[in-house]
There are 2 protein chains.
Amino acid sequence: MAFHLIRKLEQFTRLSSDDKRILEQAASLKVRRLGSREDIFREGDKPRHINLILDGWACRYKVLEDGRRQITALLIPGDLCDVHMFILTRMDHSVGAITPLSVAEIPTDTILEITHGSARLSRAFWWNSLVEEAIAREWVTNLGQREAIERVAHLFCELFLRLRSVGMTNSQASCPSFELPVTQEQLADATGMSTVHVNRTIQEMRERGLIVWKGKTVTIPDLEALQDVALFNANYLHLDHAGQAYDANEP
Amino acid sequence: MAFHLIRKLEQFTRLSSDDKRILEQAASLKVRRLGSREDIFREGDKPRHINLILDGWACRYKVLEDGRRQITALLIPGDLCDVHMFILTRMDHSVGAITPLSVAEIPTDTILEITHGSARLSRAFWWNSLVEEAIAREWVTNLGQREAIERVAHLFCELFLRLRSVGMTNSQASCPSFELPVTQEQLADATGMSTVHVNRTIQEMRERGLIVWKGKTVTIPDLEALQDVALFNANYLHLDHAGQAYDANEP
DNA sequence: CGGCCGCTTGAATACCGTCAATTATAGTGG
DNA sequence: CCACTATAATTGACGGTATTCAAGCGGCCG
């Protein structure tokens with residue numbers, strides 16, 4: 001069940017089979033299923049437990065008084081919503097399902113047990129939330145400095161790398177590809193652009209051969225080219241096994 | 001020395017005099033002074049210790065290949081740079097001084113001692129970094145959804161409340177005011193706007209009586225009016241003493 | 001097969017950026 | 001104390017990028 005999370009955390013550190021068993025167990029205690037566009041929780045809610053995305057896509061978002069909506073993060077399998085939120089009394093944003101979703105609800109107590117029991121897992125969770133923070137900072141930069149095509153290209157680069165890090169890309173045959181179950185409207189909410197302009201931007205990207213997007217599959221003929229137009233630098237994703245020093249324990 | 005940090009953390013939880021003494025001590029171990037526009041650290045650096053801003057303003061920022069620059073956070077006295085960064089191998093962004101700065105360098109060991117020694121302080125630090133994350137998300141929303149005047153107004157509201165929470169505002173006489181040692185160019189880098197347009201936006205705000213900005217002092221004649229044009233909702237700052245339940249110890 | 005949601009297109013316009021020049025302010029040294 | 005210089009703020013003109021509005025198209029699901 002916790003396959004994607006384990007795979008992601010292993011980008012940072014190796015995990016013992018004990019660690020993995022613990023994660024598997026935590027992820028299978030209670031699984032909740034949501035339909036597309038349902039909310040996992042809403043702004044103002046009291047946080048109760050940690051949610052782990054097992055399957056499907058979700059997004060964090062904020063809504064302004066007048067209805068404008070900003071997606072502040074796209075969540076894919078292996079992502080944790082609000083690892084630490086139990087410190088705060090109220091959620092300051094919402095998380096909603098983009099596709100039908102299956103989510104593990106992990107009680108905060110279980111999380112505390114895990115982090116107290118294993119320094120490796122504790123650090124791995126820590127790393128995970130630091131990366132989330134770094135992604136948020138990169139989004140600020142993306143929205144503030146990059147223009148339309150760079151912005152969308154950047155998001156595609158990020159998604160590709162994040163999906164690859166949890167084993168959700170196809171690199172067979174010629175070009176790498178992945179499933180993108182997101183509408184152009186949602187892309188607009190994530191990039192701070194209008195739907196119309198997202199559409200035109202996507203078209204330009206297609207014309208320039210940067211992406212092929214048919215149905216729900218995106219193919220990237222030339223990743224380097226895409227990264228170039230995006231001014232993409234992957235360092236903020238910290239996919240560098242920085243925590244290797246921590247696993248003295250087991251092979 | 002650690003006055004502002006203590007004051008800020010007390011927005012979350014009450015601290016014992018022991019807690020405060022520990023913080024004071026940590027903040028006075030080693031103090032570094034920087035001139036305006038010097039960097040505390042740069043993207044690519046290896047994080048060595050935690051930096052606590054004692055005096056002056058700083059900013060986190062990222063620079064694109066072609067020189068475009070985005071400020072992703074404004075840092076004021078009491079703010080910690082990279083509480084958790086020692087998990088990561090390389091910094092993915094820079095932090096630079098806006099004004100002359102005095103910064104406490106706190107060794108990671110000291111931080112670990114503190115957090116292991118006091119559950120209250122540990123949670124307070126946690127709260128602090130959750131709030132930083134929340135601010136980053138709000139900035140994403142700000143850049144993505146709000147137009148120029150709303151965006152600048154929002155930043156002013158945020159700064160006012162954050163400064164007030166560390167005791168750096170003046171509410172005497174009639175209207176609240178604070179020192180803003182930031183150039184319009186830096187404001188532009190923070191809001192993703194051009195300098196020229198920041199200038200024009202500020203002028204409109206002045207004409208509409210939303211702010212008075214003379215020299216380095218900003219006065220807010222009508223905070224509610226400013227919040228209204230900003231579509232500002234303070235919940236993301238979590239200034240609600242959420243951690244009061246934690247201080248059973250001392251009066 | 002019809003309806004709905006998402007995608008696409010065009011035209012008009014608003015917002016904001018760029019360039020370039022001018023004025024104001026602050027910091028520095030004689 | 002004042003001239004000098006650098007930095008910051010301001011202004012105008014122009015153009016480009018992105019938004020809005022409105023309408024048409026197309027595929028997928030019931």
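Please read these numbers as outputs of a predicted model, since none were measured by experiment. Letters A, B, ... mirror the listed sequences (proteins, then strands); counts begin at 1.
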Listed nucleotide nearest any side-chain atom of B:Ser194, set D:dA8, D:dT19, C:dT18: C:dT18
Proximity to the side chain of B:Val196 - top-ranked nucleotide from D:dA22, C:dA20, D:dA18: C:dA20
Distance in angstrom units between B:Arg146 CZ and C:dC16 C1', rounded: 18 Å
Interatomic distance where CD belongs to A:Glu204 and P belongs to D:dA18 [whole Å]: 9 Å
Any side-chain N or O of [X] under 4.0 Å from OP1/OP2 of [N]?
X	N	result
B:Gln184	D:dT7	no
A:Gln203	C:dT9	yes
A:Asn199	C:dT8	yes

Under-4.0 Å salt bridge between B:Lys216 and B:Glu179: no
Sugar-phosphate, base or nothing in reach of [X], heavy atoms under 4.0 Å:
X	result
B:Thr183	sugar-phosphate
B:Arg206	sugar-phosphate
B:Arg151	nothing

Donor on one side chain, acceptor on other, B:Glu158 and B:Tyr236, under 3.5 Å: yes
